[in-house]
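Presented below is the structure to which this report refers.
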Amino acid sequence: YYAFDVTNPDNPSLKWQKHGPYILTRHNKNIPEISPGYERLGQTWSSLKPVMIEWNGQNKVVLVAGGGYDPYEDGDSLSGPSSRQVNQVGNTVYIIDAENGDILWNAYDDLPALQDSMTNAIPADIAPIDRDADGLVDLLYASDVGGRVWRFDLNQKDGEFATGGLIADMNDSADNGISDNRRFYNRPDVSYIKDVKK
């Protein structure tokens with residue numbers, strides 16, 4: 001990921017750059033070191049989406065992104081893998097400091113109870129939601145290439161920055177084979193309805 005300072009549009013400058021692990025081949029030269037916190041970064045398909053959150057009691061502009069794509073998902077044939085894979089990179093959601101690119105929060109590392117189930121890359125954009133319309137994002141929704149949908153609640157007022165977990169798993173490949181190896185490459189669309197009890 002690269003960020004540029006365009007305060008002066010006629011003279012932009014590189015603000016910061018962050019690198020994840022590279023796949024080593026004989027063609028790679030001058031491979032940069034992995035940036036701290038980006039050890040799980042896959043191929044950067046997810047855009048860096050700027051949002052406002054509450055961080056340490058202050059409003060802060062951050063960037064949210066999926067962990068990226070793991071090329072292991074390509075498989076060895078045109079039809080791809082016949083069942084859900086276990087990915088070594090991309091299986092997280094990042095909240096990034098927009099000023100310097102540092103990782104503020106990483107779903108995989110900061111919610112260790114999810115590590116056994118958070119095993120697939122998240123290449124798509126993240127869907128941020130301001131549920132109470134106060135200008136601050138409260139929820140993040142994400143989908144992964146394992147056919148799962150995730151929800152993360154951001155709420156520092158309760159002393160824990162984020163909680164969350166799996167809300168849907170639509171991959172039946174273990175039972176039905178390749179036709180049901182559902183993989184999500186697009187961000188979730190989120191709609192709210194009000195259920196009025198009579």
Side-chain angles (χ1 to χ4, degrees), residues 1-53 55-56 58 60-76 80-81 84-112 114-128 137 140-146 148 150 152 154 161-162 164 183-188:
Y1 279 123
Y2 296 84
F4 291 87
D5 184 342
V6 293
T7 305
N8 180 354
D10 294 327
N11 188 27
S13 60
L14 180 65
K15 189 171 182 68
W16 51 260
Q17 57 183 299
K18 300 295 179 179
H19 302 279
Y22 279 64
I23 297 174
L24 297 176
T25 71
R26 61 187 179 87
H27 302 293
N28 291 126
K29 297 180 180 178
N30 303 318
I31 295 175
E33 292 184 5
I34 299 172
S35 304
Y38 286 87
E39 293 81 6
R40 307 198 77 79
L41 184 65
Q43 293 179 357
T44 51
W45 295 13
S46 179
S47 62
L48 295 172
K49 185 171 289 295
V51 300
M52 184 85 74
I53 65 169
W55 180 259
N56 292 332
Q58 303 291 324
K60 185 174 182 64
V61 176
V62 299
L63 306 168
V64 295
Y69 180 72
D70 186 341
Y72 184 67
E73 280 293 324
D74 293 346
D76 298 323
R84 179 154 57 198
Q85 306 297 296
V86 173
N87 301 134
Q88 300 303 314
V89 295
N91 55 329
T92 192
V93 172
Y94 290 119
I95 296 180
I96 300 166
D97 190 323
E99 285 296 317
N100 56 29
D102 291 347
I103 300 292
L104 298 176
W105 182 81
N106 168 343
Y108 185 90
D109 290 335
D110 292 320
L111 296 174
L114 301 183
Q115 291 178 0
D116 288 342
S117 55
M118 200 170 215
T119 55
N120 287 106
I122 300 176
D125 288 355
I126 305 304
V137 165
L140 301 175
Y141 288 89
S143 57
D144 69 27
V145 294
R148 301 182 187 95
W150 301 84
F152 303 98
L154 311 183
F161 172 67
R183 299 186 287 176
F184 296 133
Y185 292 93
N186 296 301
R187 77 175 211 162

Would a distance-only check, ignoring hydrogens and angles, find a side-chain to backbone donor-acceptor pair under 3.5 Å from [X] to [Y]?
X: Ser46; Y: Ala124; answer: yes
X: Gln115; Y: Tyr108; answer: yes
X: Ser35; Y: His19; answer: yes
X: Glu73; Y: Pro71; answer: no

Polar contact flag, side-chain donor to acceptor under 3.5 angstrom, Tyr69-Asp74:
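Yes.
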Counting neighbours of CG on Asn186 that are heavy atoms of other residues, nucleotides or ligands and sit closer than 6.0 Å, is the number greater than 12?
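At most 12 heavy atoms, drawn from other residues, nucleotides or ligands, come within 6.0 Å of this atom.
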Within 6.0 angstrom of Asn8 CG, more than 12 heavy atoms from elsewhere
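It does: Asn8 CG has more than 12 such atoms within range.
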In Å, rounded to the nearest 0.5 Å, how long is the span from [atom1] of [X] to [atom2] of [Y]?
X: Asp144; Y: Phe184; atom1: CG; atom2: CZ; answer: 8.5 Å
X: Leu48; Y: Asp125; atom1: CG; atom2: CG; answer: 9.5 Å
X: Ile96; Y: Asp102; atom1: CD1; atom2: CG; answer: 10.0 Å
X: Ile34; Y: Lys18; atom1: CD1; atom2: NZ; answer: 13.0 Å

Determine the sole option in Asn91, Thr92, Asp70 for which the side chain to side chain donor-acceptor pair (under 3.5 Å) test with Arg40 is passed.
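When Asn91, Thr92, Asp70 are each tested with Arg40, the side chain to side chain donor-acceptor pair (under 3.5 Å) holds only for Asn91.
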Pairwise side-chain contact, [X] with [Y], heavy-atom cut-off 4.5 Å (strictly under):
X: Val145; Y: Tyr72; result: no
X: Arg84; Y: Arg183; result: no
X: Trp105; Y: Leu111; result: yes
X: Leu140; Y: Ile95; result: yes
X: Glu39; Y: Ile103; result: no

Criterion side chain to side chain contact (heavy atoms under 4.5 Å, CB included) against Tyr94, the qualifying member of Leu63, Val62, Leu41
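Exactly one option meets the side chain to side chain contact (heavy atoms under 4.5 Å, CB included) with Tyr94, and it is Leu41.
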Sort out for me which residue in Ile122, Asn120, Asp116 forms a side chain to side chain contact (heavy atoms under 4.5 Å, CB included) with Met118.
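Result: among Ile122, Asn120, Asp116, Ile122 is the only option passing the side chain to side chain contact (heavy atoms under 4.5 Å, CB included) with Met118.
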Are Trp16 and Tyr1, when compared by the centres of their aromatic rings, separated by less than 6.0 Å?
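Here the rings of Tyr1 and Trp16 have centres that are no less than 6.0 Å from each other.
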Once salt bridge (Lys or Arg N to Asp or Glu O under 4.0 Å) is applied, do any residues pair with Asp97, and if so which ones, sequence neighbours excluded?
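Lys60.
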Restricting to side chain to side chain donor-acceptor pair (under 3.5 Å), what partner residues turn up for Lys49, sequence neighbours left out?
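Result, side chain to side chain donor-acceptor pair (under 3.5 Å) vs Lys49: none returned.
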